[in-house]
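Below you'll find the structure, written out as structure tokens, and then a few comments.
Just so it is clear, the structure is predicted and the values come from calculations on it, not from any experiment. Each chain gets a letter, A, B and so on, in the order its sequence line appears, and its residues count up from 1.
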Amino acid sequence: MKEIIHLNPPNIDEKTIRSLKNGDMVSITGTIVTGRDVAHKYLKDTFVLNHPSQQEKDVLDQLEKHLSGGILYHCGPVVAKDENGKYRFTAAGPTTSIREEPYEYDVIKLLGIRGVIGKGGMGAKTLKACEEFGAVYLHAIGGAATFIAAKVVEVHGLLKKEFGTPEAFWIIDVKDFQCIVTMDSHGESLHESILQNSRKAQEELNATFK
Amino acid sequence: MNSKDKINGIMPGNRVDLFVEFIKEASTNLPPDVRKIIEKQKSREEEGSRAQQALGIILENIEMACTRETPICQDTGTVIFHIHYPGKESTLVLRRELTDAVQKATEKGYLRPNSMDSITGENPGDNTGIGLPVFFFDETDHDELEIKIMLKGGGCENVGAQYALPHTALNAGRDVNGVKKVILDAIVQAQGKGCAPGVLGIGIGGDRVTGALLAKEQIFRDLNDKSPDLLLAQMEEELLEKGNKLGIGPMGFGGLTTLIGVKIAKMHRIPASFFVSISYMCWATRRKSLKIHDNKFEIS
């Protein structure tokens with residue numbers, strides 16, 4: 001089995017990211033931020049396509065603090081609140097990343113993100129962002145929600161609560177959150193190669209339906 | 001055998017409490033047939049491979065969710081009830097009580113607040129709304145009330161497909177081989193979106209609505225059963241075997257286990273239409289049945 005590489009967001013330097021190759025196993029300990037469909041659309045619409053208000057700029061500042069050199073997690077968690085009003089993640093697996101494909105290039109660029117965690121991989125434009133800005137796509141185990149929630153040791157806070165629980169930005173501390181690199185910063189995607197192989201197999205299998 | 005594979009008991013005073021328990025079981029305790037197949041497939045994958053690691057984490061997660069009574073997957077999906085009721089039951093009352101239970105289960109964290117207004121995006125926070133939760137009612141001619149629940153996650157629901165035959169691009173005609181070709185295509189298309197290994201529910205025929213419903217109903221079937229129709233049973237077996245030769249593997253990491261089940265049913269169609277409807281269910285195949293009869297209940 002391969003050696004595990006440790007990442008400590010939000011202090012990940014470009015050199016570390018450039019050294020990662022598809023198939024590498026990483027273990028993440030540090031602060032990361034969740035964001036999915038509404039969050040991505042919000043970031044692009046507000047900060048890339050328009051002139052944000054001061055209030056929105058403050059949100060961006062907060063996000064940059066945790067995401068510049070950091071990791072964005074495609075996740076809409078189930079969150080419990082204890083008697084002291086403190087939040088706790090009870091289920092927090094990755095959501096399907098490809099839905100964020102129209103936005104991710106701009107989001108990586110905007111915030112200086114070094115890693116995106118999700119499931120299923122992303123497309124050519126995100127792969128280009130990984131190559132251009134020095135980032136990787138990290139695959140978590142889809143559906144392993146309780147397992148991953150146990151790696152979330154603390155919920156720091158949330159931004160854009162009005163997006164609703166699944167869609168808000170949750171700022172969380174994780175410990176030993178393991179993922180596999182499936183899109184590296186050198187233009188390679190494990191998903192693309194498996195897709196091509198499966199299409200070839202599909203053609204061969206189609207010929208057996210007689 | 002897990003001690004929680006079946007729960008029996010005497011009906012409590014308030015039926016809603018039992019319904020909440022039933023929803024909790026669906027969200028936190030994966031059915032034994034699904035668990036066993038994942039265990040079997042883990043031992044078949046190459047030692048130390050990404051595929052085996054992925055299945056290992058999946059199994060660990062299943063165990064933890066059951067012990068901690070937290071959701072197996074955070075996407076607790078669309079809550080779907082199929083209800084077979086004796087004539088003496090009121091569908092209005094059942095609808096009200098089950099909706100109440102869904103709200104309570106959401107409050108307790110067994111369900112994520114998933115319902116949102118399709119235009120405004122507003123989330124009421126309790127999994128209710130226009131058309132949610134989903135109900136299907138069938139009156140039966142015996143005394144038992146059976147409520148089936150399915151929690152259908154969005155990642156896998158999004159990759160469901162409906163093909164109209166003939167399908168030129170796939171060279172799929174209006175025959176058994178055409179049906180097989182489009183099903184194989186749906187598996188290839190689903191990779192990276194629905195969490196593999198998955199279960200395929202397939203409905204051949206019908207119209208766009210009834211075919212899709214038939215497909216989804218197949219996901220309620222035990223993974224070890226076979227279609228009573230000999231030809232369909234053969235197709236199920238062949239497509240399971242060939243689908244697993246696509247090399248997509250758990251999580252799309254590559255490997256031997258792309259599917260853990262293929263369940264097919266057919267219905268009549270009209271001459272002009274030939275639909276093949278495919279419902280994809282992720283490995284977190286969350287379905288349970290609650291039977292109530294004679295003041296006793298059983299959740300399985």
Side-chain angles (χ1 to χ4, degrees), chain A residues 1-2 23 25 37-38 41 75-81 88-99 119-122 139-150 162-167 178 180 182 190-195 197-206 208-210, chain B residues 28 48 50 53-54 57-58 60-62 64-65 68 70-76 109-114 116 121-123 125 153-155 158 170-172 176-178 180-181 184-185 187-188 191-196 238 242-243 245-254 258 282-284:
Chain A
M1 216 176 282
K2 284 188 176 174
M25 176 79 94
D37 306 62
V38 176
K41 189 173 188 310
C75 170
V78 178
V79 186
K81 211 173 190 178
R88 186 171 52 84
F89 275 27
T90 57
T95 192
T96 307
S97 298
I98 195 70
R99 293 194 310 270
K119 73 174 167 88
M122 301 188 72
H139 205 298
I141 302 299
T146 290
F147 182 84
I148 296 172
E162 64 269 29
F163 290 171
T165 299
E167 299 281 355
Q178 292 192 1
I180 295 173
T182 56
L190 180 73
H191 305 283
E192 189 53 34
S193 56
I194 284 175
L195 177 67
N197 291 344
S198 68
R199 285 213 170 117
K200 206 167 144 252
Q202 182 187 3
E203 261 175 53
E204 286 164 15
L205 289 164
N206 273 341
T208 67
F209 297 140
K210 277 178 190 152
Chain B
T28 65
R50 284 190 296 263
Q53 283 177 10
I57 290 176
I58 285 171
E60 209 174 316
N61 178 66
I62 292 168
M64 282 174 76
R68 297 180 181 209
T70 52
I72 294 161
C73 176
Q74 77 290 339
D75 185 2
T76 54
Y110 304 138
L111 299 174
R112 185 174 70 181
N114 264 355
M116 58 200 290
E122 195 194 334
N123 187 330
N158 288 351
L170 293 169
N171 193 23
V176 171
N177 289 332
K180 291 177 185 172
K181 282 181 186 174
L184 210 56
D185 189 61
I187 307 166
V188 171
Q191 69 185 290
K193 299 177 197 99
C195 283
E238 183 185 2
K242 292 188 174 167
K245 285 187 175 156
L246 288 167
I248 295 164
M251 288 299 124
F253 289 167
T258 301
C282 57
W283 65 258

Flag the one option from [options] with the top tally of heavy-atom pairs under 4.5 Å to chain A.
{"options": "B:I187, B:N123, B:D75, B:D185", "value": "B:D185"}
{"options": "B:R68, B:E122, B:Q191", "value": "B:Q191"}
{"options": "B:T76, B:T70, B:L111", "value": "B:T70"}
{"options": "B:M251, B:E60, B:M116", "value": "B:M251"}

In Å and rounded to the nearest 0.5 Å, what is the [atom1] to [atom2] distance from [X] to [Y]?
{"X": "A:T182", "Y": "B:F253", "atom1": "OG1", "atom2": "CZ", "answer": "6.5 Å"}
{"X": "B:C73", "Y": "A:I141", "atom1": "SG", "atom2": "CD1", "answer": "12.5 Å"}
{"X": "A:E203", "Y": "B:L170", "atom1": "CD", "atom2": "CG", "answer": "10.5 Å"}
{"X": "B:K193", "Y": "A:R99", "atom1": "NZ", "atom2": "CZ", "answer": "11.5 Å"}

Sort [X] into side chain, backbone, both or neither according to what part of it lies under 4.5 angstrom from a heavy atom of chain B.
{"X": "A:A92", "answer": "backbone"}
{"X": "A:T90", "answer": "both"}
{"X": "A:L190", "answer": "side chain"}

[X] side chain near [Y] side chain, heavy-atom distance below 4.5 Å:
{"X": "A:F147", "Y": "B:I58", "answer": "no"}
{"X": "A:F89", "Y": "B:Q74", "answer": "no"}
{"X": "B:N158", "Y": "A:T96", "answer": "no"}
{"X": "A:T208", "Y": "B:K180", "answer": "no"}
{"X": "A:Q178", "Y": "B:I57", "answer": "no"}

Those residues that, when tested against B:K245, pass side-chain hydrogen bond (donor to acceptor under 3.5 Å, both in side chains) (two or more places apart): B:E241

Applying side-chain hydrogen bond (donor to acceptor under 3.5 Å, both in side chains), name anything that partners B:T258, two or more places apart in sequence or on another chain.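 Scan of B:T258 (side-chain hydrogen bond (donor to acceptor under 3.5 Å, both in side chains), adjacent residues dropped) gives none.
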
If I compare all heavy atoms of [X] with all of [Y], which pair ends up nearest, and what's the gap?
{"X": "A:N206", "Y": "B:K181", "result": "OD1-CG, 3.2 Å"}
{"X": "B:P113", "Y": "A:P166", "result": "O-CG, 3.8 Å"}
{"X": "A:K210", "Y": "B:N177", "result": "C-ND2, 3.4 Å"}
{"X": "B:M64", "Y": "A:A150", "result": "CE-CB, 3.6 Å"}

Tell me, side chain or backbone of B:A284 under 4.5 Å from chain A's heavy atoms, or both, or neither?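 When you check distances to chain A, no heavy atom of B:A284 falls under 4.5 Å.
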
Heavy-atom pairs under 4.5 Å with chain B - which of [options] has more of them than the others?
{"options": "A:G142, A:P94, A:S193, A:P77", "answer": "A:G142"}
{"options": "A:A145, A:G120, A:A149", "answer": "A:A145"}
{"options": "A:T165, A:L195, A:V38", "answer": "A:L195"}
{"options": "A:C75, A:S97, A:G76, A:G121", "answer": "A:G76"}
{"options": "A:G164, A:S198, A:A201, A:A80", "answer": "A:S198"}

For the pair A:T146 (side chain) and B:P71 (backbone), establish whether a donor and an acceptor sit closer than 3.5 Å, ignoring hydrogens and angles.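 A pair under 3.5 Å: yes.
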
